[in-house]
Amino acid sequence: MKSYEILSSFRTRRTGMEQEPDRWIGIDEASAYLGVTKDSIHNWIRSRELDIPAHKIGKLWKFKKSELDSWVKSGKSAL
């Protein structure tokens, strides 16, 4: 089973829904969703090579879950 399939399966079991609406999430929730530390998320944002789909809204970094899923599926997160 690939990592994105595991994430998708975990999300389905956790929420009890097939798909939850795509919404903006912050660094705390993104780190929990991906199973990494907040420091890792900050490092990925600073790293131009990884190209994590992060959007700066005011002073905050925000993410769309669907974009994070696509990023993981693309393999860019494994560099």
Side-chain angles (χ1 to χ4, degrees):
M1 189 177 265
K2 296 185 180 183
S3 61
Y4 62 87
E5 292 170 330
I6 293 169
L7 282 174
S8 178
S9 140
F10 173 73
R11 184 176 68 234
T12 300
R13 281 194 312 262
R14 188 186 78 222
T15 62
M17 299 179 349
E18 279 302 310
Q19 276 192 322
E20 57 186 43
D22 196 21
R23 59 187 180 87
W24 292 103
I25 60 173
I27 287 182
D28 290 338
E29 194 171 345
S31 66
Y33 184 68
L34 294 174
V36 299
T37 65
K38 291 186 284 185
D39 287 338
S40 291
I41 300 284
H42 284 288
N43 290 335
W44 293 343
I45 290 169
R46 281 190 286 274
S47 169
R48 301 285 177 182
E49 293 176 27
L50 291 177
D51 198 27
I52 187 170
H55 307 272
K56 194 162 190 181
I57 301 175
K59 294 181 180 181
L60 303 175
W61 286 100
K62 296 291 184 173
F63 308 84
K64 287 278 193 174
K65 285 185 172 184
S66 63
E67 291 177 359
L68 290 174
D69 288 339
S70 296
W71 179 68
V72 170
K73 288 178 191 176
S74 75
K76 292 180 184 176
S77 62
L79 295 178

**Q** Compute the centroid of each ring, for W44 and then for W61, and state whether the two points are separated by less than 6.0 Å.
**A** no
**Q** Working to the nearest 0.5 angstrom, can you tell me the gap between K64 NZ and H55 NE2?
**A** 8.5 Å
**Q** Where do A30 and L68 come nearest, in terms of heavy atoms and distance?
**A** CB-CD1, 4.1 Å
**Q** Could you tell me which residues satisfy salt bridge (Lys or Arg N to Asp or Glu O under 4.0 Å) with D28, sequence neighbours excluded, listed by chain and number?
**A** K38
**Q** Quick check for you: to the nearest 0.5 Å, what is the distance between I52 atom CD1 and F63 atom CZ?
**A** 5.0 Å
**Q** Please name all residues satisfying side-chain contact (heavy atoms from CB on, under 4.5 Å) with K62, sequence neighbours left out, ordered by chain then number.
**A** W24, I57, L60
**Q** Can you tell me how far apart CG (D69) and CG (D22) are? Round to the nearest 0.5 Å.
**A** 8.5 Å
**Q** Report the distance from atom CD1 of I27 to atom NE2 of H42, rounding to the nearest 0.5 Å.
**A** 3.5 Å
**Q** Can you pull the salt bridge (charged side-chain N to carboxylate O under 4.0 Å, His left out) pairs that have at least one residue in residues 50-59, sequence neighbours excluded?
**A** D51-K76
